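First the structure, in the form of structure tokens, and then the observations on it.
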Amino acid sequence: AQSVTQPDIHITVSEGASLELRCNYSYGATPYLFWYVQSPGQGLQLLLKYFSGDTLVQGIKGFEAEFKRSQSSFNLRKPSVHWSDAAEYFCAVGDRGYNKLIFGAGTRLAVHP
Amino acid sequence: SQTIHQWPATLVQPVGSPLSLECTVEGTSNPNLYWYRQAAGRGLQLLFYSVGIGQISSEVPQNLSASRPQDRQFILSSKKLLLSDSGFYLCAWSAPVGVQPQHFGDGTRLSIL
């Protein structure tokens, strides 16, 4: 069965530091992968997606993610974190059956000044 | 451009009362529609999804039901709310063909007293 694991529940980084959020997936075929961000009390906003092609994907707000098939991973990165990046981040894999997304449990990011 | 509206933003209801949450999408036709619940500190749980008018698939047995009376309208209902129905409810839509990103509304915070 398809699944998504985000190993880190909480991460704290200093403003200006680099960031990497981990995501591992289990899916039988070539996955469609997504990263979303959720600010407190808000809906989810799509940061980036991977469908095929270049394994390094650029997204909004300076984020990027790299698909590594051999490691079943799709980690999210940002070279320099801003205080406004504090939020919860969700990784998801797409189920081709009915365009259902399977979400990980999320990683809550705190940013220290 | 496409937009998604959810209302109300917050709702406080007594146990045993009925529920109706509404979601509408503008700027697209025949979208796939989804209802999720997010309990405090938890990830997203898919409750229902719909690929067309009157077509509802339930992901988990529960006290809730969904309906799609019009192409771009998705309603989440309950006849008698339970304490366990508290949470943050999110509606989302996606394009109908293939695996596409889902786009989320701003959510409804439901508190059961």
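Computed from a prediction, not measured in an experiment: that's the story for all the values here. Below, chain A is the first sequence line, B the second, and so on; all start at residue 1.
Contact annotation for residues 74-93 of chain B against chain A (heavy-atom separation below 4.5 Å, listed by residue number): B/Phe88, B/Leu90. Contacts between residues 53-85 of chain A and chain B, counted as heavy-atom pairs separated by less than 4.5 Å, involve no residue at all. By a heavy-atom distance cut of under 4.5 Å, A/Phe34, A/Tyr36, A/Gln38 are the residues of residues 33-40 of chain A near chain B, going up by number.
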Stepwise side chain to side chain donor-acceptor pair (under 3.5 Å) test for B/Arg68 and B/Ser50: CA-CA 8 Å; B/Arg68 184 170 177 173; B/Ser50 171; 3.1 Å; yes
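In this pair, B/Phe104 and B/Tyr36 present their aromatic rings tilted. The plane angle is within the 30 to 60° band.
Among the candidates B/Gln45, B/Arg109, B/Glu59, B/His103, the residue making the largest number of heavy-atom pairs closer than 4.5 Å to chain A is B/Glu59.
Looking at A/Leu46, only its side chain comes within 4.5 Å of chain B, counting heavy atoms on both sides.
The heavy-atom pair separating B/Arg37 from B/Leu64 by the smallest distance is NH1-CD1, 3.8 Å. Between B/Leu21 and B/Pro8 the shortest heavy-atom distance is CD2-CD, 3.9 Å. Smallest separation of non-hydrogen atoms from A/Cys23 and A/Val4: SG-CG1, 3.7 Å.
A/His112 places none of its side-chain heavy atoms less than 4.5 Å from the side chain of A/Glu15. Inter-residue side-chain proximity for B/Thr108 and B/Thr10 is flagged as unmet; no heavy-atom pair is nearer than 4.5 Å. Residues B/Leu113 and B/Gln13 have side chains not in contact (no heavy-atom distance under 4.5 Å, counting atoms from C-beta outward). Between A/Leu109 and A/Glu88 the shortest side-chain heavy-atom distance does not fall below 4.5 Å.
No continuous path of ILVMFWY side-chain contacts below 4.5 Å connects B/Phe48 to B/Leu44, so the two sit in separate hydrophobic clusters.
Side-chain contact check for B/Tyr34 and B/Ser94: at least one donor-acceptor pair (N or O, by modelled atom type) lies under 3.5 Å.
In this structure, the side chain to side chain contact (heavy atoms under 4.5 Å, CB included) partners of B/Thr3, at least two apart in sequence or on a different chain, are B/His5, B/Glu26.
Without hydrogens or angle criteria, A/Gln6 side chain to A/Cys91 main chain gives a donor-acceptor distance under 3.5 Å.
Counted within 6.0 Å of CD1 on A/Ile9, heavy atoms from surrounding residues, nucleotides or ligands total 12 or fewer; the atom is thus considered open.
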